[in-house]
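Okay, structure first, notes after.
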Amino acid sequence: MRPAAFPPREARLAALTGGVFDVAIIGGGITGAAAARDAAARGLAVALLEREDWASGTSWRSSKLIHGGLRYLAHGHFHLVFESLAERARLERLAPHLVEPVDFVFPLHRGHGVSGLQLEAGLTLYDLLSLGRAPHRHRRLSRDQLLRRERLLESPDLLAGALYSDARTDDARLTLENVLDAVSLGAVAVTRIEVEGLSKDAAGRVSGVLARDRESGRALALTARAVINATGPWSDQTRRFDEKDAPPQLRLSKGAHLTVAAARLPVSHPVASSLPEGRLLFAIPYGPVTLVGTTDSDYVGPLDDVSADRADVGELLAAANRVFPSASLSGGDIVATFASLRPLLAESGKSVQDTSREEALTVSPSGLLTVTGGKLTTHRRMGQKVIDRAAAILRGSGRDVNASPTGDRPFPGAPDSPWDVFLARLEREVQDAGLDPAVAAHLARRYGKRAKGVLALAVAERGLRERLDPGLPELSAEIVFAAREEDARSVTDALTRRTHLFWQAPGQGEGAAERVAHLLARELSWNPARSRESLQDFEREVSRARRALG
Ligand code: FAD
């Protein structure tokens, strides 16, 4: 039998303390995962430590777009847009199952602050900066043409609009595939490891990490030539392990999203619409739901308990109802909410909306590398840049470092054949297995060529063909696959980030939670108390997501 993607957790824990790593990375969001992948692909010895689950911080709570960022043009951040568009094209090629080009519509409204001329200029620049790598150039749409595509945009203020190309992704799985690739290249990657301090050598240089295994409570210490702080919104906190009184670098902005059943906001394209107050509203069709986001407001509060509040929900519903008046959305339509923090670099005198989304890389006097800001879209480049900086530290200690090969390295699930050929083949296999052919498209998007592993489980055990929710294509086999192949260690991991029931299913997956706990208990040898605890943690997550809904 082929060995599982992740070695057993105990073996990984032993490997953490068994030798000297070239690079230890703190934080398993997209930034840490990309840095781990880049370093491992250069042949470095890598440890990646995450205190919760892969992507459990900001990285699963994004707008799930791989985009140039049309809005950033208005703020003059041309370099970020250029780099993002180049990365978008690259990811469409290297991770076609996870990064799907889609046509967006941008409606123009009277009084919403963007004129036809500005939109035309912006989209022309967007096309130019993409260097012809988008599937097509933007097109202007008359009011009638726009309404033929999106009837729901009908409103007295609607003037005209445009169609342009960008991409949609699965943020949690993009992060996971970075980790999977890093692990396949030899990285030691472990979740539920909380870093609590740094060790330093006699010269005061950072030489390792002091951490605690949150599952056993055991303390552990590992040695590394370079240490990278990729803890996103927590990075100021992590910097203080190095310099006790380090002044804050970050300005945190909260971004909230909500989902409603697709039937209540049936858009067939992602819609990006400017609002009179200068923000953009996204309404993105995503399977059984439409994702609506996002707010952008200064946040001061606990970092570990961020949720959409009543004001966020009110703001999003009001904005959606302004753009789609006939939808008349209300709180009762909401399936789920989620919120996260943008770790922006504080820039004095600027509003939160004007603050740059570019990443920043700093090195402390003792050698701690901190990487913050940036976007999901540019994660590969960020990973490369941070390892380039780490390489300078490593070369200082006599370690040779290769150039990054990630620019041309396919992701683990990337099919070996063109998408249509791959999908047709998977459809046949799904049918041969006696499953609903619609499951093929779902498995293809979610797992790419790794879908075969899920299918094999469903073929081997009839019970694993059961759907987790009658309205969604997710199979019970995916939970077993998540535990065996994808490092899922809780009901929340399985229902929120390995599958999407938490934000796509009516009831947020509560109806499937018992079955999921049962399957995980079987795979991970849980006792009844552990199953109960995991179910209770999941219920707490659901309550947090509903906090603002009364
Ligand atoms: P995180 O994902 O937060 O990861 C940091 C990790 O560090 C966490 O998992 C945390 O648990 C861990 N950690 C913290 N402290 C410790 C410790 N002591 N020990 C161990 N681990 C620790 N970008 C796009 O390209 N497209 C979008 O559509 C998009 N939409 C967005 C919408 C919103 C509302 C927000 C907030 C951001 C959006 N972004 C988007 C930006 C993108 O999501 C973020 O830049 C990215 O997810 C940040 O990833 P990260 O790894 O730096 O941080």
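Residue numbers run from 1 in the order of the sequence given.
- The NE2 atom of His379 sits 12.5 Å away from the CD atom of Glu359 when rounded to the nearest 0.5 Å.
- For Gln249, there are no side-chain hydrogen bond (donor to acceptor under 3.5 Å, both in side chains) partners two or more places apart in sequence or in a different chain.
- No salt bridge links Lys385 with Asp388; every basic N to acidic carboxylate O contact stays at or beyond 4.0 Å.
- Between Lys375 and Glu87, none of the side-chain N atoms (NZ, or NE/NH1/NH2) sits under 4.0 Å from a carboxylate O, so this pair counts as no salt bridge.
- Checked against salt bridge (Lys or Arg N to Asp or Glu O under 4.0 Å), Asp53 has the following partners two or more places apart in sequence or in another chain: Arg497, Arg498.
- Residue pairs meeting the side-chain hydrogen bond (donor to acceptor under 3.5 Å, both in side chains) criterion with at least one partner in residues 327-341, sequence neighbours excluded, are Arg264-Asp333.
- The pair Asp296-Arg342 meets the salt-bridge criterion, with a side-chain N (NZ, NE, NH1 or NH2) lying under 4.0 Å from an Asp/Glu carboxylate O.
- Arg322 and Glu277 are joined by a salt bridge, as a carboxylate oxygen and a charged side-chain nitrogen come within less than 4.0 angstrom of each other.
- Electrostatic pairing of Asp242 and Arg239 does not count as a salt bridge here, judged by no charged N lying under 4.0 Å from a carboxylate O.
- In this structure a side-chain-to-backbone donor-acceptor pair under 3.5 Å is present from Tyr286 to Thr169.
- Heavy atoms of other residues, nucleotides or ligands lying less than 6.0 angstrom from CD of Glu514 number 12 at most.
- Every residue two or more places apart in sequence or in another chain that forms a salt bridge (Lys or Arg N to Asp or Glu O under 4.0 Å) with Arg51 is listed here: Glu194, Asp304.
- We find that Arg214 and Glu52 are joined by a salt bridge, their nearest charged nitrogen and carboxylate oxygen being less than 4.0 Å apart.
- At least one side-chain heavy atom of Leu16 sits less than 4.5 Å from a side-chain heavy atom of Leu49.
- In the model, Arg544 has no side-chain atom that pairs as donor or acceptor with a side-chain atom of Ser307 under 3.5 Å.
- Between Ser534 and Asp537, the side chains place no donor N or O within less than 3.5 Å of an acceptor N or O (distance only, hydrogens not considered).
- No hydrogens or angles considered: nothing links the side chains of His518 and Ser531 as a donor-acceptor pair under 3.5 Å.
- Between Phe502 and Phe338, the ring center distance fails the sub-6.0 Å criterion.
- Under a 4.0 Å N-O distance rule, the pair Asp171/Arg61 does not qualify as a salt bridge.
- Checking Arg37, His97, Glu486 one by one against Glu177, the side chain to side chain contact (heavy atoms under 4.5 Å, CB included) holds for a single residue, His97.
- Qualifying side-chain hydrogen bond (donor to acceptor under 3.5 Å, both in side chains) partners for Thr17, counting only residues two or more places apart in sequence or in other chains: none.
- Using a cut-off of 4.0 Å between Lys/Arg side-chain N and Asp/Glu carboxylate O, Arg218 and Glu10 are scored as salt-bridged.
- Using a 4.5 Å heavy-atom cutoff, the side chains of Glu243 and Pro365 are in contact.
- For Arg205, there are no side-chain hydrogen bond (donor to acceptor under 3.5 Å, both in side chains) partners two or more places apart in sequence or in a different chain.
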Show, in sequence, the C-alpha distance, side-chain angles and deciding distance for Thr191 and Trp54, and conclude whether the side-chain contact (heavy atoms from CB on, under 4.5 Å) test is met. CA-CA 7 Å; Thr191 59; Trp54 308 121; 3.2 Å; yes
